[in-house]
Each structure stands twice: as structure tokens, then as C-alpha cells.
Amino acid sequence: MKEIQGPDSLLLVGFHLLIIKIISLNCYGLKAKGKVDSSRDLLHKEMCLVLGLQETKAENFPFLGGQRNFGFLYTSAFGLAGGLLLSWDTGSFSKEQDTGGVNFCGAIGAWKNINKKVGLLNIYGPQFGAQKAYLLEELSSLILNAT
């Protein structure tokens, strides 16, 4: 089997394997002292391509700067819960459309140099009852209609 390795991927006989570093973090609010700095440090140290934050009421994300460009979607908090951020490195992922609901936000697009549609979702949902069932139905419908 022929392998060609590059800095971010491995090509195996017609298949493209992209190694993606994703960070998902329930931050319980970004306004607490030091959380913005620690989020920025984590994002840049780990060189992640996708970042999902849950439970943030912030609407300003200064740590998404630096030498890399990031696109992002934000879903506002609903009452005391929620507040979602989905962010991606625009040098690696190109967003074609966005989607969202009370408990999720998502981007549909493509990884650069790979001609396949993909979806990125950041989900923070209820744990019990009818609300959970509704969210699962909503996500199922979204995924089935995206293919």
C-alpha cells in the first residue's frame, strides 16, 4: 500500500485521511477571571481546527484572533442555560451554510482540498424527557436532509 504523508494528512491509495484536532469544552461562562486567556492559550497551543464551547453567555470572542483566522457561529443562552460557540479554522474549513436551534449550532461546508460536504455541530441539550426527544428528532431530520 502506497502512503504519502504530509503535515496534516495521510493519503492512502485514493483515500484521503484528514487528521483533525477538535476541542469541545463546557466552560461555565467565559467572563470569569482568566477563562478568556486560558481558552486562547488552549486554542493556539493545541492548534485545533474546530472549537466548540458550551455554556458561554459571552458574545465577544477575542481569543479567536492571533495568526490564524477563525469563522464562528454563536447561539445565545436561553435563560440560565446554553450559549454555544462553534468555531473553525477558515484555512482548513469553508462554511457554505449554517444551521441552529436552541440547543445546537452547526456549519455545513467542506474541508479545503477535499470535495466532500461535511457538517460540524456543537450540541448542548437537555438530558430528560420530551425536550431531549425533540432535540434528537430535530438533529435526525437535519442530518437526513443534509445528505
Side-chain angles (χ1 to χ4, degrees), residues 1-32 34-78 81-126 131-147:
M1 178 183 294
K2 184 176 179 183
E3 295 183 5
I4 303 171
Q5 290 188 326
D8 295 330
S9 62
L10 174 67
L11 187 60
L12 299 171
V13 192
F15 291 96
H16 197 115
L17 174 65
L18 180 64
I19 300 169
I20 303 166
K21 192 174 276 192
I22 298 172
I23 296 175
S24 179
L25 179 66
N26 187 324
C27 58
Y28 301 110
L30 280 175
K31 295 180 181 178
K35 284 201 176 181
V36 168
D37 291 337
S38 63
S39 297
R40 179 182 51 243
D41 293 346
L42 179 66
L43 179 66
H44 294 291
K45 176 185 170 206
E46 294 299 327
M47 296 296 293
C48 73
L49 298 181
V50 179
L51 172 68
L53 296 180
Q54 299 85 36
E55 291 201 65
T56 177
K57 292 183 180 175
E59 295 185 17
N60 181 346
F61 306 100
F63 57 87
L64 293 177
Q67 296 179 355
R68 297 164 61 202
N69 291 318
F70 288 90
F72 71 93
L73 297 171
Y74 176 73
T75 299
S76 298
F78 185 74
L84 300 169
L85 170 75
L86 174 65
S87 179
W88 58 90
D89 183 323
T90 58
S92 299
F93 179 79
S94 177
K95 177 182 75 93
E96 297 169 6
Q97 68 184 81
D98 55 75
T99 186
V102 173
N103 297 106
F104 70 96
C105 59
I108 299 169
W111 294 113
K112 303 281 174 96
N113 302 320
I114 300 176
N115 192 19
K116 296 285 182 186
K117 187 190 314 187
V118 296
L120 305 174
L121 289 171
N122 185 11
I123 304 165
Y124 184 73
Q131 291 176 331
K132 182 177 182 177
Y134 177 78
L135 173 62
L136 293 175
E137 183 64 34
E138 190 175 18
L139 292 171
S140 295
S141 176
L142 174 70
I143 293 167
L144 290 172
N145 291 326
T147 57

### Query
So, N26 and E55: side-chain donor and acceptor under 3.5 Å apart, yes or no?
yes

### Task
State which residues pass salt bridge (Lys or Arg N to Asp or Glu O under 4.0 Å) with K112; sequence neighbours excluded, sorted by chain then number.
none

### Message
Among residues at least two apart in sequence or on other chains, which ones pass salt bridge (Lys or Arg N to Asp or Glu O under 4.0 Å) with E138?
### Response
none

### Task
Start with the C-alpha distance between W111 and I20, add both sets of side-chain angles, then the distance that settles side-chain contact (heavy atoms from CB on, under 4.5 Å), and finish with yes or no.
CA-CA 10 Å; W111 294 113; I20 303 166; 3.4 Å; yes

Taking side chain to side chain contact (heavy atoms under 4.5 Å, CB included) as the test, write out the residues that go with [X], two or more places apart.
{"X": "N103", "value": "P126, L135"}
{"X": "T90", "value": "N69, W88"}
{"X": "L136", "value": "K132"}

Determine the minimum heavy-atom distance between [X] and [Y], stating which atoms define it.
{"X": "L49", "Y": "S92", "value": "CD2-OG, 3.4 Å"}
{"X": "C48", "Y": "F70", "value": "O-CE2, 4.3 Å"}
{"X": "T75", "Y": "G101", "value": "CG2-O, 3.3 Å"}
{"X": "Q54", "Y": "I123", "value": "CG-O, 4.3 Å"}

## Note on the structure
So the salt bridge (Lys or Arg N to Asp or Glu O under 4.0 Å) pairs with at least one residue in residues 88-99 (sequence neighbours excluded) are R68-D89, K95-D98

### Message
Treating N122 as the side-chain partner and L85 as the backbone partner, does any N or O pair qualify as donor plus acceptor under 3.5 Å?
### Response
yes

### Query
Could you give the distance from OG (S87) to CG (L120), rounded to the nearest 0.5 Å?
10.0 Å

### Query
CZ/F93 to CD1/I108 distance, rounded to the nearest 0.5 angstrom?
8.5 Å

Under 4.5 Å between any side-chain heavy atoms of [X] and [Y], yes or no?
{"X": "V50", "Y": "L86", "answer": "yes"}
{"X": "E46", "Y": "K21", "answer": "yes"}
{"X": "L142", "Y": "F104", "answer": "yes"}

#### Entry: Partners passing side-chain hydrogen bond (donor to acceptor under 3.5 Å, both in side chains) against S141 (at least two apart in sequence or in another chain)
N145

### Message
Please evaluate residues Y74 and L84 with respect to the criterion side-chain contact (heavy atoms from CB on, under 4.5 Å), reporting the C-alpha separation (whole Å), side-chain torsions for both, the decisive distance (0.1 Å), and the verdict.
### Response
CA-CA 6 Å; Y74 176 73; L84 300 169; 5.9 Å; no

